Every structure is written in C-alpha cells, then in structure tokens.
Q: 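Before I ask anything, let me first share the structure, which is written out below as structure tokens.
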Amino acid sequence: MNQTSYVGRFAPSPSGPLHMGSLVTALGSFLQAKVNNGKWLLRIDDIDPPRIQAGAIENIQATLIAHGLLWDSDAIFQSQNKLNYDTILSQLHSQNLLYPCECTRGQIKAKGEFYTGTCRDKAQVKPPFSLRIKNQFEISQINDRRLGTLKVNNQATQEDFIVKRKDGLYAYHLASVADDIQMGITEIVRGEDLITATACQWALFKTLGKPVPGCLHLPLVTFSDGRKFSKQNHAPSLDLDRPAKNLTEALAYLNLTLPKALQSNQQVDKILAWATQAWADSLS
Ligand SMILES: [Zn+2]
C-alpha cells in the first residue's frame, strides 16, 4: 500500500530505560502509524539536561529495535532543535503574547490550583523570571480517536502556561508543539495521563495559526495500588531477553489478546503483523 500523509511519533525522555508503560505508548503509536500506512518517527525529548541519564538514549533505541519497533528516518533530538524553539518564542513575542513571570510555585499555589495571570500587567518583574504565554484559548473538549469526545478542565487549559522556564530551559508544551509542527505530525498518540496537556498544546497550535493534529490517548499501566508506571515511581525496566513476552503484555494493555499460537512464537515481526490488523479492527 502507498504511504499516506499520516505522521506519528514516539517521544520518550532519556531519563532512564523504557518500562512497560512506555512500551505500551511506543507500541500503540507504532500500530496507529502502520494502520494508517504512515510514518512513525522517534524523537528523543532531551531538553532537560539534569534529567538525562547516561546511556539512556542508546538503551531506548536498543529496546525499540529488540521489540521490532523500527522508526522511520533518523531519530530527532530536541537538544538540537533550540533554534526552532527560539523561532516560535520570537513569533509569540512579536505578537505580544509573552510576558515575564516572577512568581514562585509557592506563591501560585497559595492562590489556587492554576496560575491566574498575576504578572500579566506588571510593568516590571525581577529576575529570575519565566516566560508565560497570554493564552487566547479555553479548550473545554477534545476529540480522541479511541475515546471519542473528552471533556477537559477548561481552567487548566486557559491558564497562561510557561513556555520558557526560570532556569532558562524550554518548557515541555513549547518544545513538544514546536517539534510536532516541524515534524509534520498529523496525530499524537500518548498516555491518558496527558489528556490535559494535549488540550493546552491545542491552544498553542491555534495561537501559532497551525492546524491541530488528531489525538489518541492510550490506557495507562499502573501498579496494583493504582500509581502510574513511571521512572519516578521506580517502574521496572523491560527485560530485553523476552521481547515477545513484553509485546504480549503490552498488547493486553491495549485490550488485544495475542492468539496462543503466536504467544509461543518468539518472532516479534509476526506478533506485530498480527497486532497491526487487530488494532485496525479494534478501532473500526
Ligand atoms: Zn507571575
């Protein structure tokens, strides 16, 4: 089949090895790109140097390869895209949509859950300051490819969120959206914990006058006590000696049960071929 204009991505941060939660996201985004005859890109979100773990980038790539999740084109590194972020910041600045904010986390929290624009009209703020966007949009729902219409907390999405941090680092929403635009991403597949983040990012796409990509949020992998699998929560890293078993488990999180005959088969490419068809059927 001919390749379509679908472009998807997997964007891990190299703060440690991949765990089952990240494999589910990688697999779900991979299958969605395959079902759409599109491209699946790998972006390493490495703009936060203190969080980067030595060897993690190589480990992530080796893990994906071991599971047959081969990305198209060369991997993209956010650390090499700073010019792209500065261009977007300049655009926002020239539209008069940025302002410096000196508030501390504690000051903001004392006023409530969300930032209320305290510094928007201040004539002067003291360094160190972050840069916030004058958010023009209040997104109250998004259309998810898997879950349908999702209501989101519009207090969260109308917040003037940070685009450049006090420590000089580019903020997650800014870097993610800037790169998604540059990479021509047509649909973002990520975990359900990022639904609100998706809505905030939709506001940024709109502010920049860019088409908003589609979205699909995947089930989260949790510990038995409900905590999300994450590096911070010490989720165990994947055992690279058993990729077929890992894929079988990841598919189960996507509500796909691998047939018995394939479970004993250790070939990841056969498992992925079955999974692509099964994923297509599950979404139709
Ligand atoms: Zn402020």
Side-chain angles (χ1 to χ4, degrees), residues 11 13 15 43 45-52 78-79 81-142 150-182 188 190-210 212-213 215 217 228 230-233:
S13 44
S15 51
R43 186 177 81 213
D45 284 5
D46 58 347
I47 38 162
D48 195 347
R51 290 186 59 220
I52 297 173
Q78 288 203 314
S79 56
N81 284 356
K82 290 176 182 170
L83 203 61
N84 188 24
Y85 312 145
D86 283 334
T87 304
I88 301 277
L89 286 175
S90 303
Q91 183 187 333
L92 293 170
H93 177 70
S94 65
Q95 291 173 279
N96 194 26
L97 290 175
L98 290 184
Y99 65 92
C101 164
E102 61 189 348
C103 302
T104 62
R105 241 175 244 252
Q107 286 167 335
I108 295 167
K109 235 182 160 182
K111 290 190 175 178
E113 198 184 340
F114 300 104
Y115 185 71
T116 51
T118 312
C119 299
R120 230 190 212 237
D121 301 314
K122 274 188 194 167
Q124 213 146 36
V125 300
K126 282 192 239 73
F129 52 76
S130 58
L131 288 177
R132 288 183 182 270
I133 186 170
K134 287 181 193 165
N135 194 346
Q136 314 292 296
F137 296 93
E138 183 185 332
I139 313 261
S140 55
Q141 60 180 50
I142 56 175
L150 295 175
K151 293 232 169 302
V152 289
N153 182 345
N154 55 353
Q155 264 188 299
T157 63
Q158 73 179 350
E159 189 184 42
D160 287 347
F161 53 82
I162 290 176
V163 286
K164 196 165 185 191
R165 296 168 16 178
K166 269 185 189 172
D167 57 12
L169 295 178
Y170 301 94
Y172 164 63
H173 289 328
L174 178 93
S176 186
V177 169
D179 285 338
D180 287 337
I181 291 169
Q182 199 182 47
I188 294 172
R190 51 165 58 134
E192 281 178 9
D193 55 328
L194 291 172
I195 289 171
T196 305
T198 297
C200 291
Q201 293 177 8
W202 272 203
L204 189 48
F205 279 101
K206 284 166 178 275
T207 303
L208 295 166
K210 299 293 179 189
V212 172
C215 67
H217 293 86
K228 182 200 146 195
S230 68
K231 283 151 199 163
Q232 293 83 350
N233 285 338

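Because the structure is predicted, anything quoted here is derived from the model rather than measured. Counting starts at 1 for both ligands and their atoms, following the listed order.
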Q: For residues I88 and Y170, determine if any side-chain heavy atom of one lies less than 4.5 Å from a side-chain heavy atom of the other.
A: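 Counting from C-beta outward, I88 and Y170 never come under 4.5 Å.
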Q: Please enumerate all residues that pass ring-ring contact (aromatic ring centres under 6.0 Å, His included) together with F137, with sequence neighbours excluded.
A: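 None.
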Q: Heavy atoms, side chains only, cut-off 4.5 Å: are I139 and K206 in contact?
A: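 SC-SC contact between I139 and K206 confirmed.
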Q: For the residue pair C103 and R132, establish whether any side-chain heavy-atom pair is separated by less than 4.5 Å.
A: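 A side-chain contact under 4.5 Å is absent here.
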Q: Please list every donor-acceptor pair under 3.5 Å in which a side-chain atom of residues 89-96 meets a protein atom from a residue at least two apart or in another chain.
A:
unit_1	atom_1	unit_2	atom_2	d
S90	OG	D86	O	2.8
S94	OG	S90	O	3.3
S94	OG	Q91	O	2.8

Q: What pairs of donor and acceptor atoms, side-chain ones from residues 116-128 against any protein atom, are under 3.5 angstrom apart with sequence neighbours left out?
A:
unit_1	atom_1	unit_2	atom_2	d
T118	OG1	K111	NZ	3.4
R120	NE	D160	OD2	2.9
R120	NH2	D160	OD1	3.3
K122	NZ	E102	OE2	3.0

Q: Return all protein N, O or S atoms below 2.8 Å from the Zn ion (ligand 1), chain by chain in residue order.
A: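 Protein N/O/S atoms under 2.8 Å of the Zn ion (ligand 1): C101 SG, C103 SG, Y115 OH, C119 SG.
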